[in-house]
Every structure is written in structure tokens, then in C-alpha cells.
Amino acid sequence: MSAPSPATAATAIGNAAPALPQHALPSYLQADQLGPWGIYLQQVDRVTPYLGHLARWVETLKRPKRALIVDVPIHLDDGSVAHFEGYRVQHNTSRGPGKGGVRFHQDVTLSEVMALSAWMSIKNAAVNVPYGGAKGGIRVDPRTLSRGELERMTRRYTSEIGIIIGPNKDIPAPDVNTNEQIMAWMMDTYSMNQGSTATGVVTGKPVDLGGSLGRREATGRGVFTVGTQAAHHLGMAIQGARVAVQGFGNVGGVAAKLFAQAGARVVSVQDHSGTVYREAGLDVPALLAHVAEHRGVAGFAGGEAMSRDAFWDTPCDIMIPAALEGQITLTNAGRIQARMVIEGANGPTTPEADDILSERNILVLPDVIANAGGVTVSYFEWVQDFSSFFWDEEEINARLVRVMQTAFDAIWQTAQQHRVSLRTATFIIACTRILHTRELRGLYP
Ligand code: GLU
């Protein structure tokens with residue numbers, strides 16, 4: 001779209017804008033305009049017929065409560081100044097403070113952060129933790145920064161979003177390319193600005209700074225927990241099941257390890273560096289050690305290298321996309337051979353691909369429940385920080401499994417009852433919880 005000429009702009013300002021039809025979305029929120037946010041809006045539309053009298057509040061879910069765009073200027077090591085674009089979006093806070101990660105990635109956009117913040121609202125309500133949904137990000141490839149530059153960028157970003165975050169307002173956490181160290185810098189920056197140490201302002205911190213045992217592995221553990229439950233419903237044994245994993249970081253790596261420990265064969269693993277395959281099953285601990293040393297699966301001697309695209313043809317029973325969104329699309333959904341797809345990543349399947357998988361009778365465990373283990377243990381971390389009383393790992397893992405299983409059982413039953421996908425069932429449960437709270441609270445003023 002070309003920019004309006006000054007004359008057109010003047011006319012537009014001079015004439016009163018035509019009245020918006022009731023409930024029309026502002027242009028920047030419309031489904032056909034914006035990738036991931038548009039996908040989220042379609043998901044909400046699918047669920048609206050199941051919301052009963054609460055459907056009158058559904059517009060609440062179609063716009064973020066608050067979206068902040070910040071400029072993040074820092075001194076680079078060479079003395080020059082660089083500007084990065086940062087975001088923090090609070091989609092909904094009806095059920096509690098905003099909650100969700102912060103990602104550093106060169107492709108981060110406002111649309112993406114808005115969609116991710118909305119999926120956090122759904123996810124948090126689905127596992128029934130007392131949070132709304134939020135997400136943040138910086139448009140940057142962090143691999144191009146030195147450690148000092150990364151720290152300065154993280155601190156300046158934290159300071160800029162400091163006006164809307166806080167232990168009772170909005171609690172960031174790790175996401176793509178952010179980790180415990182970044183959370184430590186965020187916690188420190190917020191605390192320095194406040195004048196007192198506020199451990200509860202972020203989760204996913206190092207254990208020595210008020211972090212929780214089990215948090216690092218929690219998302220992968222949740223993927224494994226719901227995957228095992230769903231396999232049971234399908235009559236599929238985990239012992240001997242063939243698993244293909246895309247993304248071998250905090251989510252995919254842990255999930256692969258747990259599936260392998262339970263007797264599954266992890267036949268194919270893909271990450272940013274390449275794809276490795278071994279029909280008899282890859283040695284997952286050896287592959288994890290290789291990745292720790294070489295920063296990627298490429299070059300692993302215990303498997304054959306495959307082309308990126310061939311990954312989607314892998315003969316397997318379970319496929320786990322655990323990298324970025326938009327991976328399973330019209331072009332590859334017809335080729336997937338798995339009986340079950342477990343979405344470790346947020347938004348890895350496009351709606352068209354979702355329909356193809358469902359027509360092909362492939363069960364999709366949607367992100368909004370499959371990867372909710374991370375935020376569930378984030379909740380445990382936040383509770384422990386507030387009470388300054390810390391639990392052992394066994395207790396944390398047992399509570400995590402209980403929360404995930406209870407949530408998944410309810411989703412499974414709802415899907416059966418309404419004959420809908422697990423994604424729509426998760427949205428039915430979550431949107432009902434959010435909008436019920438919305439209704440109870442009432443509209444201010
Ligand atoms: N970034 C993770 C997610 O997408 C975790 C969020 C959190 O712990 O707040 O669920």
C-alpha cells in the first residue's frame with residue numbers, strides 16, 4: 001500500500017470518518033491483514049457458537065487490552081548506537097496478572113506478539129492458573145550481539161516496559177532465544193528501578209535467584225505428559241513408538257529425552273542447523289551432548305543427514321513441532337505420516353493445515369495445552385517467590401503432572417461432547433473461563 005499523498009491525507013482529516021459498524025475491529029486488528037493474529041481471530045470465531053450467553057463478551061478476546069511498542073537504543077561494542085524494536089502486549093487480565101514469555105528473534109512483529117499474548121490467555125485459562133495472557137519480544141537476531149550488548153539490550157528493554165510489568169501486573173518469562181540469564185538481568189533491572197529485590201517479577205530465573213526446580217524441563221515434561229495421555233486414548237503404545245521432533249532446545253530436547261526414556265524411538269530430529277535420521281532410533285543423550293558442544297544437530301555421527309524438507313515425510317507415529325510458528329502448512333500437512341502431532345511450539349500449524357490433518361484423522365494436541373507445562377511451573381515459581389518457601393523437584397513434577405492431566409481430561413471430554421477438535425475444545429474451556437470472569441467483574445465504569 002502506498003502512503004497517502006498530503007492532499008489525500010488532508011481530505012481524510014477534513015471529512016468526518018464514516019461511522020464504524022458496531023463491533024468492527026480497528027484495521028490493525030483485522031484477520032485478513034495480519035498473519036498470526038489473523039489465525040488467532042479465526043480460532044476465536046470457530047469457538048463462538050459454543051459459548052452460549054457468554055458469546056456477548058467475545059469481542060473482549062478480539063483485541064489486546066494493552067500493547068506497548070518501545071524503542072530500545074543501546075551502545076554497541078564498537079561505540080555506535082543501535083536501535084531495536086521491542087514489544088510487550090497484555091492480551092487479557094480478567095483472571096489475574098498478564099503472564100507470558102519474551103522472545104528475541106529477527107522476525108518478531110507486533111502481530112506475532114499479539115497472537116502469542118492471546119494464546120497465553122487461552123493456555124493459562126486452559127490449565128486454570130490465575131493469570132491473564134501477555135507476551136513480549138524484541139526484533140533482533142541475538143546471535144549477532146556480544147554478551148555485553150545482549151545484557152544492555154535486555155536491561156534497556158526491561159526498563160522501557162517497566163511501566164506495565166510487575167509481580168502483580170505482568171510477569172515475563174523465557175521464550176524463543178531467552179533463558180535464565182536474561183531473566184536474571186530482567187529481575188535485577190526491575191529491582192534496581194524499584195529500589196528493592198522483586199524476585200516475582202519474572203519466572204524462569206536461575207534457581208539461586210528464586211527460580212524453581214523443574215522449570216527448565218517443565219514445557220518438555222508437559223508435552224510428554226499429554227502425549228502419553230492421548231496415546232493411551234488412541235490405543236498407541238509409547239514403547240516402540242517412532243517420534244520425529246522439530247526443534248531440539250528446551251522443549252523438543254527434553255520431550256525427546258522423556259519419550260526415549262519411556263521406550264519410544266526418536267527417529268528424526270531437525271533444528272536450525274540440519275536434520276538427522278536413524279530408523280532404529282537416535283541416541284538422544286548423545287545427541288543432546290553433541291548439540292551442547294556444536295550448537296546444533298548437524299554433524300552428529302550417530303545418524304544420517306536428511307534434507308530439511310524430507311523431515312515432513314519421516315515415517316513416524318508421533319510428530320512434535322517444537323520450534324517456531326507456521327511450520328505445518330498446506331504444502332506439507334498432506335505428507336505427515338504420524339498418527340498424532342504434539343505442538344510443543346506456539347502456533348506451528350496453520351488453520352488450513354489443521355483441517356487437512358483432521359481430515360486425515362491425525363490427532364493434533366494443540367499448543368494451548370501441549371506446551372502449557374512451562375507456564376504451569378512458572379506459576380509454581382511465582383507462588384514460591386511470594387511465600388519464600390521452596391518445594392523439592394519431586395513435588396513440583398507431581399503437581400505439574402496433576403495439573404496437565406486434569407486439564408487434558410476435561411479437554412478430551414469436551415471434544416467428545418461437542419465433536420470438535422482438541423484445539424476448539426481447549427478454546428471452549430478457556431474462553432468460557434475468561435468470559436465468565438469478565439462477566440462477574442462487570443464493565444468499568
Ligand atoms: N514462553 C512460555 C510459553 O509460551 C512460558 C511462559 C511463562 O512461563 O510465562 O508458554
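Start at 1 and go down the list; that is how both ligands and their atoms are numbered.
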Partner of Lys123 by side-chain hydrogen bond (donor to acceptor under 3.5 Å, both in side chains), out of Asp367, Thr376, Asn346: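 Looking at Asp367, Thr376, Asn346, the match for Lys123 under the side-chain hydrogen bond (donor to acceptor under 3.5 Å, both in side chains) is Asn346.
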Identified side-chain hydrogen bond (donor to acceptor under 3.5 Å, both in side chains) counterpart of Lys99 within the set Asp170, Asn124, Thr203: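 Exactly one pass, corresponding to Thr203.
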Under 4.0 Å to a heavy atom of [X] - the qualifying atoms of ligand 1, by number:
X      : value
Lys123 : 3 (C), 4 (O), 10 (O)
Lys135 : 1 (N), 3 (C), 4 (O)
Lys99  : 7 (C), 8 (O), 9 (O)
Met120 : 3 (C), 4 (O), 6 (C), 10 (O)

Just say parallel, tilted or perpendicular for the rings of [X] and [Y], cut-offs at 30° and 60°.
X      : Y      : value
Tyr40  : His91  : perpendicular
Phe380 : Trp391 : tilted
Tyr50  : His418 : perpendicular
Phe386 : Trp382 : perpendicular

His272 (side chain) donor-acceptor with Arg295 (main chain) under 3.5 angstrom: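 The answer is yes, because a donor-acceptor pair under 3.5 Å joins these two groups.
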Check: Arg433 side chain, Ala125 main-chain N or O, donor-acceptor pair, under 3.5 Å: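 Yes, the answer is positive, given that a donor and an acceptor are paired below the 3.5 Å cut-off.
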For atom 5 (C) of ligand 1, the option (of Arg103, Arg215, Met183) bearing the nearest heavy atom: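 Minimum heavy-atom distance to atom 5 (C) of ligand 1 goes to Arg215.
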Residue and atom name of the nearest protein heavy atom (relative to atom 1 (N) of ligand 1), distance in Å to one decimal: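 It is Asp175 OD1, 2.7 Å.
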Protein heavy-atom partner closest to atom 8 (O) of ligand 1 - residue, atom, separation in Å: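 It is Ser378 OG, 2.5 Å.
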Proximity to ligand 1 by part of Thr219, non-hydrogen separation under 4.0 Å: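 Under 4.0 Å from ligand 1, Thr219 contributes no heavy atoms.
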Pro172 and ligand 1 - part of the residue with a heavy-atom distance under 4.0 Å: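 Pro172 to ligand 1: no contact under 4.0 Å from either part.
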Test item, Gly204 contacting ligand 1 (heavy atom, 4.0 angstrom):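 So Gly204 does not count as touching ligand 1.
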contact_flag Pro174 ligand 1 heavy-atom lt 4.0 Å: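 Contact check Pro174 vs ligand 1: positive.
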Check: Ala173 N/O within less than 3.5 Å of ligand 1 N/O: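 No; the residue has no nitrogen or oxygen that sits under 3.5 Å from a nitrogen or oxygen of the ligand.
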